[in-house]
Structures are given as C-alpha cells and as structure tokens.
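To start, the structure under review is shown below, and the notes come after it.
Proteins get letters first, then strands, A, B, ... in listed order; numbering begins at 1 in each. These values consider heavy atoms only, across backbone and side chains, with no hydrogens, waters or symmetry-generated copies.
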Amino acid sequence: MAVPTEYYLVLSAGLFCIGLAGILTRKNALMFLMSVELMLNAANINFVAFSLQWGNLTGQTFALFTMALAAAEVAVGIGIILVLYRNFGDVDVTDAAGMRW
Amino acid sequence: MTTRPELRGDTGGLLPAVAAVGLFVVMAAVFLGAPVGDAAGFPQSAEVANESLGSGDLTANASVQSVNGSTVAVVEAEGGNESTTLANDTGVNASVVFAGGQTYGVVSDSVSVTETIGYAMFGLTDQMPADLQSENFLAVFEMIDLVLVAALVGAITLARREEVGTVVSLFSTAEDASVSGAVAADGGTDEDDAADDSIGAVDSPDGGDA
C-alpha cells in the first residue's frame, strides 16, 4: 500500500516552513545556510513524490541535480561566512549591513 | 537562577515564525483538499520467477526459446522434448540455471529505477524500459558539469594564501612575492596597519584587523 501523495506534500510543506521560520528568526549565518538547505530538500521531496505519482523518473533525476546545486551553494555560502567572520569577528548576518566597510 | 528551558536570545522576534506556521497551515489545508488521485507508481524492480525443469543438471540439454509469443524452456530428453512456459511474453531476460540439485528456468525482469536514472542522466533514452520513462538530461548534466568545473578552476586561480607578508598564488610572480604587507582578502587593512604588521611579523589568528 503506497503512501498517498498528499502526505508527501504536507511533509514537504512542513520542512519548507521550518526552513522559512529559521531564515526569518535567526541571525546566525550558519543557521541561515541550514535553513536554506531544509527548503531545498522540501522541494526535492516534492520532485520525488510527483515522480512516483506519474510513474516517470524525470522528478527523481531532477532531484539529483538539485542536490548537486545545493552542495555547490553550501560551498560558496561557507566561503562567504568565513570572510564574514574574518572581517566582523562574528557570523551575525545583521552586522554586515553596509555595501563596503 | 533559572533552570527551565528558554528561547534562544538571537531570534529576531517570533512574529515571523508565527507567519511561517500560518503558511504551513494554509499549505497543508490546500494539499489535503487537492484532488491528487492515486499514484501511478513504478513497476516492481527485479522481479524474478523460477520454474523447475527437473532434477539433476539439465543445463547442457536445455535452451530458452520463443514460441508463439511466449518464452519457454525446452529440455531435450530421450522420450521427446519437454517445454515449460517461463513468461507469456518474448524478449524477457530468461536463462537456465542449475542450483541445489535442480535445474530452473529463471526469468528476471530487471526494471531498475536506479539504472533508468543513470540512462536519463546520460541521454541513453533507447536503453530505458518501456514502462519506466524519463526526460533526457544529458544537456543539463553537461551544463552543470561545466559550471562546477568553472567554479573550481576560478577558485583555484583566484586563491591566495592569506598570510601577511608574502603573496602565494597560482600566477604570482617574483615581484608579487616580494611585496610586503597584508593581502587584499583580509578585509582591506590600511597601508599603515599593513606596514606595522610586516614589521611586527606576528600574524593575528583572524588574518587581519576586524
């Protein structure tokens, strides 16, 4: 007995909203990065769920590419966080408010 | 002194979090009310059917043939050939195997989700099983490959060892190496500070002035 697709969608919505709440309430750049990752994985759950829904593997393949993109994004994000720490001595995103310092 | 759990102090107000919870409620209501229907699902992967052809090792006398639109295993015996139907379809992956004192006709229907993902990524659409299809992702694969390689090469090309005093990078020249002072990536220390740093020759752990 397969799990109905609606449940996958609700799980994905929950994960997305947890990520959104993290981005809206936290100031730590690392927490930002983790929250963005949660939101990306919520999208992945939707891809895989609809792949099963239609019996077509396009969604699963696309989810793989999203994972590769997420890994690249985290690599860039951690680089930015390192520079943020070096210049401000902190990873608080509200510190870096100006275009130039 | 309090020992009870407390909310973290670095939250920027909890009102946005309540908005996120509200968004979840709306989304859940929409999804649970949507007419999604039953899932089509994937075909069962690696379904294997065994048919016993007889005791003893008959692999030398047995063969798999296609007869009247079905796949059968034919065992040649002295009293005439004996046919056993393996599948009501031709073109299936069937073979004759000897195992445990018996000879079996084995049909393995290898519809593999993982294999088909691989075929889709590399554009091998003709290899995909008929009941499990996907788009061709070869162009996307190549594009992402190019972008990631460009990012890696760019990072290595632009990288410098971020220590005050010497410049060490892929394309640094002897002139660059002799330049004293802080590197630009330390956040832009002033010229005076850089001079002080080079005289003192003591690196701060964070690589520059905060």
Side-chain angles (χ1 to χ4, degrees), chain A residues 2-28 31 35 42 46 49-66 68-69 71-72 75-76 79 82-90 92-94 100-101, chain B residues 7-8 10-28 30-34 36-43 113-114 116-121 128 131-137 140-141 143-145 147-148 151-152 155 162 185-188 206-210:
Chain A
V3 178
T5 306
E6 290 93 331
Y7 293 175
Y8 289 112
L9 297 185
V10 171
L11 171 70
S12 161
L15 210 58
F16 183 86
C17 290
I18 291 170
L20 185 66
I23 283 185
L24 291 177
T25 56
R26 290 304 188 94
K27 292 177 182 171
N28 188 329
M31 288 296 170
S35 300
N46 274 355
F50 278 110
S51 181
L52 185 74
Q53 170 76 15
W54 299 113
N56 186 310
L57 278 183
T58 302
Q60 293 226 12
T61 319
F62 210 99
L64 273 183
F65 286 116
T66 315
L69 216 64
V76 173
L82 281 176
V83 175
L84 199 66
Y85 180 76
R86 190 177 302 139
N87 289 309
F88 293 95
D90 199 355
D92 188 336
V93 287
T94 55
R100 191 176 176 281
W101 56 83
Chain B
L7 285 169
R8 283 186 61 93
D10 74 341
T11 54
L14 286 175
L15 192 63
V18 175
V21 173
L23 178 66
F24 171 69
V25 171
V26 172
M27 286 167 108
V30 170
F31 291 154
L32 290 176
V36 179
D38 289 335
F42 300 129
V113 169
T114 319
T116 312
I117 289 176
Y119 296 142
M121 276 211 308
M128 289 182 199
D131 47 358
L132 189 55
Q133 289 291 307
S134 172
E135 303 280 326
N136 180 352
F137 278 92
V140 183
F141 185 82
M143 275 188 253
I144 290 188
D145 182 30
V147 169
L148 290 184
L152 181 65
E162 295 179 352
D186 72 343
D206 61 357
D209 294 353

*Heavy-atom count around Q133(B) CD within 6.0 Å, excluding the residue itself: above 12?*
yes

*asked:* What part of L64(A) gets within 4.5 angstrom of chain B, counting heavy atoms only: side chain, backbone, both, or neither?
replied: side chain

*Can you tell me if Q53(A) uses its side chain to pair, donor with acceptor, with the backbone of V36(B) under 3.5 Å?*
yes

*Which answer fits A151(B), side chain, backbone, both or neither, if we ask what part of it has an atom under 4.5 Å from a heavy atom of chain A?*
neither

*Counting heavy-atom pairs under 4.5 Å to chain A, which of D38(B), L148(B), V30(B), V21(B) comes out on top?*
D38(B)

*Sequence neighbours left out, what passes side-chain hydrogen bond (donor to acceptor under 3.5 Å, both in side chains) with S35(A)? Give chain and number order.*
none

*Can you tell which of G59(A), G55(A), G19(A) has the highest number of heavy-atom pairs within less than 4.5 Å of chain B?*
G55(A)

*Go through Y8(A) and F50(A) one step at a time and tell me if the side chain to side chain contact (heavy atoms under 4.5 Å, CB included) criterion holds.*
CA-CA 9 Å; Y8(A) 289 112; F50(A) 278 110; over 6 Å; no

*Side chain, backbone, both or neither: which part of S51(A) has an atom under 4.5 Å from a heavy atom of chain B?*
both

*Not counting sequence neighbours, which residues clear side-chain contact (heavy atoms from CB on, under 4.5 Å) with L32(B)? List them please.*
E6(A), Y7(A), V10(A)

*Under a 4.5 Å heavy-atom cut-off, does chain A meet the side chain of I117(B), its backbone, both or neither?*
both

*asked:* If you count heavy-atom pairs within less than 4.5 Å of chain A, which of V140(B), L152(B), N136(B) leads?
replied: V140(B)

*Should we say atom CZ of F137(B) is surrounded by more than 12 heavy atoms from elsewhere, each under 6.0 Å from it?*
yes

